[in-house]
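I have placed the structure first, in the form of structure tokens, so that the comments after it can refer back to it.
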Amino acid sequence: MNEIAVESITKKFGGFAAVDNISLYVPKGGICGVLGPNGAGKTTFIRMLCGLLLPTECRGSVSGFDIMTEYEEIKRRIGYMSQKFSLYPFLTVEENIDFWAKCYSLSSVDLKRKKEEIFEILKLEKLRNVAVRVLTGGNRQRCALACAIIHNPSVVFLDEPTSGADPLARRDFWKIIGKLSEEGISVLVTTHYLEEAEYCRQILLISGGKKVAEGSPTDLKKECASYVPEKKNITLEDVFILKTK
């Protein structure tokens with residue numbers, strides 16, 4: 001089953017197509033990385049899949065709900081971690097999580113069980129009573145992820161989740177993404193760190209609002225190897241440059 005299944009999704013602002021005729025299928029438990037230059041349309045693309053922005057045209061669904069007509073149902077069933085810091089800095093880690101749990105109408109029993117599970121997975125137990133404003137960048141990101149998954153979403157959208165985090169925090173964050181995938185949660189993530197994209201099982205590369213490549217990291221590198229036969233080890237950075245130039 002594909003948790004994300006969209007065909008020809010398009011968003012126009014006047015005569016400008018920010019996202020132009022993109023199709024994407026992400027299976028249950030899949031990890032899909034959306035890559036592209038600044039202004040490529042990545043955030044607009046994600047916001048449409050989250051039900052936050054209505055496409056100009058599209059056929060398909062997210063979590064089994066029609067993206068054009070059932071976007072309110074989609075919002076209830078997905079988790080979204082935006083580029084911008086979306087936490088309340090003067091509340092503690094636990095208070096932030098409790099706030100978002102109430103937004104999703106979790107019962108006190110479900111909240112207690114899920115919260116303890118999340119504290120363990122995200123290594124937040126020792127930070128539960130610490131105000132978010134004093135956390136390191138990596139710990140803030142983990143807290144934001146906790147808020148995004150407290151309601152057991154079927155799909156999690158992460159928009160540049162490791163931006164500003166140090167390399168160790170970034171590595172730990174991707175381990176967590178792997179655990180979410182193992183639990184059957186589908187993950188769609190944007191990143192500018194191309195070495196991180198190696199952790200993805202599929203990659204969607206966007207440039208100028210259009211899909212310019214899609215496939216696994218291995219397949220994309222094999223495809224681009226023929227473009228530069230003199231280079232022995234093709235990287236995702238090479239793929240990015242070759243496909244978006």
Note: P217 and E198 closest approach over all heavy atoms is CB-OE1, 3.7 Å

Would you call the rings of H151 and Y104 parallel, tilted or perpendicular if under 30° counts as parallel and over 60° as perpendicular?
parallel

Checklist line | Residue pair L106 / W100, side-chain heavy-atom distance below 4.5 Å | finding: no

Nearest heavy-atom approach of I67 to I74 is CA-CD1, 3.8 Å

Residue pairs meeting salt bridge (Lys or Arg N to Asp or Glu O under 4.0 Å), one or both in residues 17-40, sequence neighbours left out, come to D20-K210

Closest non-hydrogen contact found for C32 with C200 is C-SG, 4.2 Å

Compare all side-chain heavy atoms of S8 with those of R59 and state whether any distance is below 4.5 angstrom. yes

Identify whether V134 and L127 are in the same connected component of the hydrophobic contact network (ILVMFWY, side-chain heavy atoms under 4.5 Å). yes

Would you say the side chain of Y199 lies within less than 4.5 Å of the side chain of I31, judging by non-hydrogen atoms? no

Residue pairs meeting ring pair (Phe, Tyr, Trp, His ring centres under 6.0 Å), one or both in residues 10-63, sequence neighbours left out, come to none

Smallest heavy-atom separation, I234 atom then K221 atom, equals O-CD, 3.1 Å

Review point. Just wondering, do T56 and V19 contact through their side chains at under 4.5 Å, heavy atoms?
Key: no

* Is there side-chain contact between Y71 and L54, with at least one heavy-atom pair below 4.5 Å? -> yes

dist D159:CG -> L188:CG (nearest 0.5 Å) comes out at 9.5 Å

K222/T218 under side-chain contact (heavy atoms from CB on, under 4.5 Å): CA gap, chis, key distance, verdict:
CA-CA 6 Å; K222 285 182 179 179; T218 299; 3.8 Å; yes

Item to complete: Could you give me the CA-CA distance, side-chain angles and deciding distance for I203 and L236, then say whether side-chain contact (heavy atoms from CB on, under 4.5 Å) is met?
Response: CA-CA 10 Å; I203 289 174; L236 282 180; 3.8 Å; yes

*For the residue pair I149 and I118, establish whether any side-chain heavy-atom pair is separated by less than 4.5 Å.*
yes

Note: F240 and L205 closest approach over all heavy atoms is CD1-CD1, 3.8 Å

Salt bridge E116-R113, side-chain N to carboxylate O under 4.0 Å
no

Take F157 and T190 through the side-chain contact (heavy atoms from CB on, under 4.5 Å) test and state the conclusion after the steps.
CA-CA 8 Å; F157 295 88; T190 68; over 6 Å; no

Quiz item: Taking the side chain as C-beta and beyond, is there a heavy-atom pair between E7 and C58 under 4.5 Å?
Solution: no

* Can you list the steps and then say if E73 with R77 is a salt bridge (Lys or Arg N to Asp or Glu O under 4.0 Å)? -> CA-CA 7 Å; E73 293 297 331; R77 287 165 174 80; 2.4 Å; yes

- Hey, mind stepping through K114 and E117 against salt bridge (Lys or Arg N to Asp or Glu O under 4.0 Å) and telling me if it holds? CA-CA 5 Å; K114 185 62 178 178; E117 177 185 319; 3.2 Å; yes

Apply the test side chain to side chain donor-acceptor pair (under 3.5 Å) to residues N21 and T10: give CA-CA distance (whole Å), side-chain angles for both, the deciding distance (0.1 Å), then the verdict.
CA-CA 5 Å; N21 196 36; T10 298; 4.8 Å; no

Hey, does P55 have a side-chain heavy atom less than 4.5 Å from the side chain of M68? yes

*Are S216 and Q202 linked by a side-chain donor-acceptor pair shorter than 3.5 Å?*
no

Presence of salt bridge, K75 and E72, under 4.0 angstrom: yes

Please determine if R170 forms a cation-pi arrangement with Y193, meaning its NZ or CZ atom is less than 6.0 Å from the six-membered ring centre and no more than 45° off the ring axis.
-> yes

Closest non-hydrogen contact found for Q141 with F173 is O-CE1, 3.7 Å

